[in-house]
Amino acid sequence: TIYTAINPNRPASGNLQRVEFNLTNLELLRPILRDYQNNEEGLILFVRGHGRYWRLGDINHSTPAVVGPPQEDPRLMGDGYAEFKQALANRRKVVYVGANDGMLHCFDASSGEELWAFIPYNQLSRLKEMWPVDQARKLRFFSRKAYVDSSPSVSDVFINGQWRTVLVCGQGEGQGQAPDGFNNGQTQNYHYYYFALDVTDPENPIPMWEFAGNRIRRQGQNYNMTNGQTWSVPYIARVNVSGNPTWVAFVGSGYCHPVDAGYQAYIGNTVAAIKIEDGLLLWSTRISDLDSSDQRRSGNPFPNIYVSLPGSPNGLDLNKDGYVDCVYIADLDGRIWRLDVTSQNPGSWRMTEIFRDRCLYPIITKPAIWLGFSASGSNYPRIYFGTGGHESAPADRSYSFVALIDKVYLDDRGNLRTDNPEVELEWYMGNINETGLGASKFVGSLEAGEKIWADPVITNYIVYFSTLKGSIEAADPCQNLGDF
């Protein structure tokens, strides 16, 4: 079964309604699909795989999420979770993954059988792009485009008075239509989304919402939606808002499309917390660009990469009470940010820069976090990340992998505090002169051109990371093997 969602109130805003993507619903879908040749019936069949030698679209940037019965600790999750966990103890194990056929797919983990697929509402009007017209011969053909090209995040959350399992996913480079319900005047051409599904029953997905970013006024009656490309894997966590447990998805905002470069000060440079319950924005902030071509800013200037936050956030529950205390995220200006979310008033949440690369080399990795006792007995979190993750970062530079000690703790009232010094360099790999980090914490070098693209992984007290030389989007990845 292929599902999608429609907004019965369009062009006004409204709640999403699930429908099957088939010819039975042709008249519902026709005004949204708007095929090039007014052949919406043929388009529906083509998207469903008719006339295509391979039905499944390419799975490019999407990392599969494997989900079975609920696994969390009821002591951390809270009231009702033990019963929820017991009730779904035999829930079917499935695999969720996005593909560039316009769909998020759900497969049975044991048999590989596809249970269903889902087309986000915002992408319905773009489906015709995969079936364009050869104007010379008046024939239709398949054209590969990006659609659901990012990775899903799945979590158990307490919303609307009950425990549910929710999936939140970006679309990467897969843009969608302009959001319903807004008159944004002169605005951007490309809109990017996160979408959410209730997958408590993995055989009965329920569309919840889609999020195009914060709506901000540029000038006059012209507005922009702040989402750039949605590459972040959402970090889903619980925060305390005015005494109310509130589940949110923390996300970054990636690249602004080149066509919309004139609006790049408003697009792609935000961190946001989205309420899982209704998809509304709880908190957001924008960060400013640092010009890496300016020798006053960069220790080794190079053509500027305009700031955005395509990497994934990561969070930390310092006292293991089931509530996140701080969230970490990196940006393309070589900065690591810590967001303090201990205040019950989101307006008082504080975003602090805790690291800046001397040359402003980009960081695209999700910061890996390890919280454990060191030989000295301290229990400060360790933060691990690498630099160089961007196609435009120079291929002949020396990038680095860095380990920080973030000296944060909670006081008796649960507020986040820091020791002095606030952040300490534990060790690093890289060029001593390029990093400016000195020799005392130097533990090794990387070859010129080795970039860190993939998120570090910590297991058994070891942090693993990989490097890559050349282009990550090369047609033949074997030509660009790095080290591990």
Side-chain angles (χ1 to χ4, degrees), residues 1-60 98-106 114-149 169 171-184 187-193 195-197 204-210 212 257 259:
T1 304
I2 300 177
Y3 298 110
T4 188
I6 62 170
N7 169 17
N9 295 328
R10 63 185 300 270
S13 59
N15 295 326
L16 296 178
Q17 172 187 321
R18 190 185 77 180
V19 300
E20 291 192 21
F21 187 80
N22 58 27
L23 295 183
T24 301
N25 291 312
L26 174 61
E27 295 310 314
L28 276 176
L29 297 169
R30 189 189 301 277
I32 308 172
L33 295 175
R34 294 175 297 170
D35 180 64
Y36 293 123
Q37 295 181 323
N38 299 317
N39 184 9
E40 287 79 19
E41 179 177 348
L43 178 59
I44 290 173
L45 292 174
F46 186 81
V47 172
R48 292 182 59 87
H50 293 247
R52 288 161 51 186
Y53 64 88
W54 190 259
R55 294 189 176 189
L56 179 64
D58 66 279
I59 299 170
N60 189 10
N100 289 316
D101 49 17
M103 307 177 204
L104 177 89
H105 295 268
C106 175
E114 182 162 15
L115 303 181
W116 51 264
F118 175 79
I119 302 172
Y121 166 62
N122 72 84
Q123 292 197 332
L124 284 172
S125 64
R126 285 194 57 236
L127 293 177
K128 59 181 176 285
E129 295 177 16
M130 73 169 72
W131 198 40
V133 181
D134 182 331
Q135 295 298 335
R137 294 188 289 178
K138 304 301 180 184
L139 298 176
R140 306 294 292 262
F141 62 97
F142 173 76
S143 177
R144 188 268 184 192
K145 301 290 182 182
Y147 288 95
V148 186
D149 199 24
C169 188
Q171 298 172 183
E173 192 182 359
Q175 79 272 15
Q177 65 186 20
D180 291 337
F182 297 117
N183 180 11
N184 284 340
T187 188
Q188 68 249 47
N189 298 277
Y190 288 80
H191 294 84
Y192 300 96
Y193 286 80
F195 65 92
L197 299 175
N204 183 33
I206 302 170
M208 296 175 63
W209 46 260
E210 297 184 350
H257 194 281
V259 170

Value for CD1 (Ile44) from CG (Leu23), rounded to nearest 0.5 Å, stands at 5.5 Å
Side-chain heavy-atom pair His191, Asn122 within 4.5 angstrom cut-off: no
Looking at Asp180 and Ala12, what are the two nearest heavy atoms and their distance? CB-O, 3.6 Å
Minimum heavy-atom separation for Glu40 to Asn38, with atom names? OE1-O, 3.1 Å
Restricting to ring pair (Phe, Tyr, Trp, His ring centres under 6.0 Å), what partner residues turn up for Tyr3, sequence neighbours left out? none
Between Pro132 and Phe141, what is the shortest heavy-atom contact and its length? CD-O, 3.0 Å
Is there a donor-acceptor pair closer than 3.5 Å between any side-chain N or O of Tyr147 and the backbone N or O of Pro120? no
Spacing of Lys145 atom NZ and Asn100 atom CG [to the nearest 0.5 Å]: 11.5 Å
Once rounded to the nearest 0.5 Å, what's the spacing between atom CD of Gln17 and atom CD1 of Ile206? 13.0 Å
Please evaluate residues Val47 and Met103 with respect to the criterion side chain to side chain contact (heavy atoms under 4.5 Å, CB included), reporting the C-alpha separation (whole Å), side-chain torsions for both, the decisive distance (0.1 Å), and the verdict. CA-CA 10 Å; Val47 172; Met103 307 177 204; 3.7 Å; yes
Heavy atoms only: give me the nearest Trp131-Leu43 pair and the separation to one decimal. CZ3-N, 3.4 Å
Ignoring hydrogens and angles, tell me if any N or O in the side chain of Thr4 forms a donor-acceptor pair with the backbone of Ile119 under 3.5 Å. yes
Taking Asp101 first and then Arg52, would you say they form a salt bridge - that is, a charged N and a carboxylate O separated by under 4.0 Å? no
Report the C-alpha distance between Arg34 and Ser125 in whole Å, list the side-chain angles of each, state the deciding distance to 0.1 Å, and finish with yes or no for side chain to side chain contact (heavy atoms under 4.5 Å, CB included). CA-CA 7 Å; Arg34 294 175 297 170; Ser125 64; 3.6 Å; yes
Does the side chain of Asp35 come within less than 4.5 Å of Phe46's, by heavy atoms? no
Quick check on Asn25: does its CG atom have over 12 non-hydrogen neighbours (other residues, nucleotides or ligands) under 6.0 Å away? yes
Value rounded to 0.5 Å, distance of CD in Gln177 from OH in Tyr193: 5.5 Å
Would you find a donor on one side and an acceptor on the other, under 3.5 Å apart, between the side chain of Arg126 and the backbone of Ala146? yes
Could you walk me through whether Gln171 and Gln123 pass side chain to side chain contact (heavy atoms under 4.5 Å, CB included), step by step? CA-CA 10 Å; Gln171 298 172 183; Gln123 292 197 332; 3.0 Å; yes
Tightest non-hydrogen contact, residues Ala117 and His105, listed as CB-ND1, 3.7 Å
Arg18 side chain near Tyr121 side chain, heavy-atom distance below 4.5 Å: no
Glu173 vs Asn60, test: side chain to side chain contact (heavy atoms under 4.5 Å, CB included). Steps then yes/no. CA-CA 11 Å; Glu173 192 182 359; Asn60 189 10; over 6 Å; no
How about CG on Asn189, more than 12 heavy atoms from neighbouring residues, nucleotides or ligands closer than 6.0 Å, or not? yes
Would you please classify the geometry between the Phe118 ring and the Phe195 ring as parallel, tilted or perpendicular, with 30° and 60° separating the classes? tilted
To the nearest 0.5 Å, how far apart are CG in Asn15 and CD1 in Ile6? 12.0 Å
Ignoring hydrogens, what is the shortest heavy-atom contact between Val148 and Leu104? Give both atom names and the distance. CG2-N, 4.1 Å
Hey, is CD on Glu210 packed in by over 12 heavy atoms from elsewhere, all under 6.0 Å? yes
Working to the nearest 0.5 Å, report the span between CG of Leu28 and CG of Leu124. 11.0 Å
